[in-house]
Amino acid sequence: DTISGLFILEQTETPGLGNKITFPDWLNQFKGQGTVEPLAVVKSGGTAPGAIDAITGATISSKAVVGIVNRAVSETRNLLEPGHIGIIRNGQP
């Protein structure tokens, strides 16, 4: 029910802008966030649960990472629901 951390394996973002998605200061925002409600990108200074500060000048990159995390959490939660373990969806277990 809680995100323990996030690591970006590969990116091709603009140096000094979008590549900030790999910086520990930005990634640390995900640590400790709950997974019951989707995360949301906010302008700097968001303190609400699930709020992830957008990178200035790279809002699209920020939203893309948050979207990937939300999708992964949702898909994992669905797989772990009682009675759904082992069901194959779209050719994938």
Side-chain angles (χ1 to χ4, degrees):
D1 290 337
T2 304
I3 296 172
S4 61
L6 180 65
F7 183 79
I8 306 296
L9 296 175
E10 185 177 347
Q11 58 82 26
T12 57
E13 295 293 330
T14 305
L17 287 174
N19 77 327
K20 290 181 181 177
I21 62 171
T22 65
F23 290 14
D25 287 347
W26 193 74
L27 292 171
N28 285 337
Q29 295 181 88
F30 291 85
K31 197 178 288 186
Q33 292 282 3
T35 60
V36 175
E37 296 294 325
L39 302 176
V41 175
V42 298
K43 299 226 177 198
S44 187
T47 58
I52 301 295
D53 284 342
I55 297 169
T56 302
T59 304
I60 293 172
S61 299
S62 303
K63 287 181 177 181
V65 173
V66 168
I68 291 166
V69 170
N70 284 337
R71 189 170 47 253
V73 166
S74 176
E75 290 174 3
T76 301
R77 187 175 296 283
N78 287 339
L79 288 172
L80 295 176
E81 287 179 0
H84 290 100
I85 294 177
I87 291 177
I88 296 178
R89 293 186 180 134
N90 298 325
Q92 305 262 336

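Worth knowing before you read on, the calculation uses all heavy atoms, side chains too, and leaves out hydrogens, waters and symmetry mates. Being a predicted model, the structure only gives us computed values, none of them experimental.
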J.: Is the number of heavy atoms from other residues, nucleotides or ligands within 6.0 Å of CD (Gln11) greater than 12?
T.: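 Enclosed: over 12 neighbouring heavy atoms sit under 6.0 Å from CD of Gln11.
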
J.: Applying side chain to side chain contact (heavy atoms under 4.5 Å, CB included), can you list everything that pairs with Ser74, at least two apart in sequence or on another chain?
T.: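 Side chain to side chain contact (heavy atoms under 4.5 Å, CB included) check on Ser74 returns Asn78.
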
J.: Distance check, rounded to the nearest 0.5 Å: Asn70 atom CG versus Glu37 atom CD?
T.: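 Rounded to the nearest 0.5 Å, the CG-CD separation comes out at 10.5 Å.
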
J.: Would you please name every residue forming a side chain to side chain donor-acceptor pair (under 3.5 Å) with Thr35, sequence neighbours left out?
T.: Arg77

J.: Should side-chain heavy atoms under 4.5 Å link Ile, Leu, Val, Met, Phe, Trp and Tyr, which residues sit in the same cluster as Val65?
T.: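 Listed partners: Ile3, Leu6, Ile8, Ile21, Trp26, Leu27, Phe30, Leu39, Val41, Ile52, Ile55, Val66, Val69, Val73.
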
J.: Could you list the residues that satisfy side chain to side chain donor-acceptor pair (under 3.5 Å) with Glu13, not counting sequence neighbours?
T.: Ser61

J.: Other than Phe23, what residues sit in its cluster of Ile, Leu, Val, Met, Phe, Trp and Tyr side chains whose heavy atoms are under 4.5 Å apart, directly or through others?
T.: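 Phe23 clusters with nothing; isolated.
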
J.: Output every pair passing ring-ring contact (aromatic ring centres under 6.0 Å, His included) with a member in residues 40-71, not counting sequence neighbours, ordered by first then second residue.
T.: none

J.: Rounded at 0.5 Å granularity, tell me how far NZ in Lys20 sits from CG in Asp25.
T.: 10.5 Å

